[in-house]
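Counting from 1, the numbers follow the sequence of the chain as shown. Just so you know, these numbers come straight off a predicted model, no measurement behind them.
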Amino acid sequence: MGILFKFSALVLIMCLNLGLYAQGFNGTYVSQRASYTDHANPNEDFTESTKFNIAIAIDGEKGVGDIIVQDPRIPNKILAYRVVEPVETIEKDNIQYHIYQCLAEHLDGQAREKVTFYKKQGKLNLMVSSKGSSQLFFDLVKQ
């Protein structure tokens with residue numbers, strides 16, 4: 001029950017509070033494909049096809065909130081990101097990138113990471129990046 005219950009409770013609370021937040025990217029999603037890039041060791045790079053549950057709640061005015069990612073194959077390892085501030089919105093090649101500064105709450109020391117949302121070919125993607133690596137969740141489908 002432990003961590004899966006906590007994830008379910010957190011998603012429920014986030015969904016109930018969505019009325020307080022701007023519409024933007026908020027909601028619960030599923031991604032069926034992800035990639036990981038290790039900038040120091042390309043031999044560690046991979047792409048996988050598996051289901052990821054993702055919950056997003058970001059206050060549109062303040063630019064703060066939470067992003068939760070769960071791989072159902074490892075229910076005890078939830079990736080929790082505290083959105084602390086918007087960094088910027090940029091447009092490149094007709095794609096808008098919305099970048100936020102986050103704290104990775106699931107890591108010791110709560111490492112600072114950037115979370116980027118962008119739509120490509122009409123599909124929402126989510127990238128989490130740091131100096132050493134990046135992980136991309138493709139084609140988020142709202143539930």
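- Scanning for salt bridge (charged side-chain N to carboxylate O under 4.0 Å, His left out) contacts around R82 gives D66, E105, with sequence neighbours left out.
- Evaluation of the salt bridge (charged side-chain N to carboxylate O under 4.0 Å, His left out) rule for E44 yields no partner, not counting sequence neighbours.
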Taking distance alone, no hydrogens or angles, what donor-acceptor pairs closer than 3.5 Å link side-chain atoms of residues 118-127 to residues at least two apart or in another chain?
unit_1: N125; atom_1: OD1; unit_2: D139; atom_2: N; d: 3.0
unit_1: N125; atom_1: ND2; unit_2: K123; atom_2: O; d: 3.2

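- Under the 4.5 Å side-chain criterion, counting only non-hydrogen atoms from C-beta, F117 is in contact with I56.
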Counting only pairs under 3.5 Å, give me each side-chain donor-acceptor contact of residues 85-93, with atom names and distances, residues two or more places apart or in other chains.
unit_1: T89; atom_1: OG1; unit_2: H98; atom_2: ND1; d: 3.3

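- Taking the side chain as every heavy atom from C-beta outward, H39 and K131 never approach each other to under 4.5 Å.
- The distance from atom CG of L79 to atom NE2 of H106, rounded to the nearest 0.5 Å, is 4.5 Å.
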Next on the checklist: Run V115 and V83 through side-chain contact (heavy atoms from CB on, under 4.5 Å) and show every step you take.
Outcome noted: CA-CA 8 Å; V115 170; V83 180; 5.9 Å; no
Item to check | Check against side-chain contact (heavy atoms from CB on, under 4.5 Å), T37 and Q135 | outcome: CA-CA 6 Å; T37 303; Q135 187 162 14; over 6 Å; no
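- Residues L136 and I99 fall within the same hydrophobic cluster, defined by Ile, Leu, Val, Met, Phe, Trp and Tyr side chains chained together at heavy-atom separations under 4.5 Å.
- Under the 4.5 Å side-chain criterion, counting only non-hydrogen atoms from C-beta, S133 is in contact with Y36.
- K142 contributes a side-chain N or O that, together with a main-chain N or O of N26, makes up a donor-acceptor pair within less than 3.5 Å.
- Using a 4.5 Å cut-off on side-chain heavy atoms (C-beta onward), I68 and I54 make no contact.
- In this structure D38 satisfies the salt bridge (charged side-chain N to carboxylate O under 4.0 Å, His left out) test with no other residue, sequence neighbours excluded.
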Checklist entry - Where do I67 and I58 land on the side-chain contact (heavy atoms from CB on, under 4.5 Å) test, with the steps shown first? => result CA-CA 8 Å; I67 300 168; I58 300 173; 4.3 Å; yes
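- Hydrophobic clustering (side-chain heavy atoms under 4.5 Å, transitive across Ile, Leu, Val, Met, Phe, Trp, Tyr) groups I95 together with F138.
- Annotation: ring-ring contact (aromatic ring centres under 6.0 Å, His included) contacts of F137 (sequence neighbours excluded): F52.
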Checklist entry - Is there a salt bridge (charged side-chain N to carboxylate O under 4.0 Å, His left out) between E48 and R73 once you walk through the steps? => result CA-CA 13 Å; E48 65 179 330; R73 299 171 302 167; 2.8 Å; yes
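- In this structure, L103 and E113 have side chains that are not in contact, with every pair of non-hydrogen atoms separated by 4.5 Å or more.
- Looking at heavy atoms from C-beta onward, D71 lies out of side-chain contact with K77 at the 4.5 angstrom threshold.
- Between the side chain of S35 and the backbone N or O of F46, no donor-acceptor pair lies under 3.5 Å.
- The heavy-atom pair separating P75 from P72 by the smallest distance is CD-O, 3.4 Å.
- Side-chain contact between Q32 and S49 is absent, with no heavy-atom pair separated by less than 4.5 Å.
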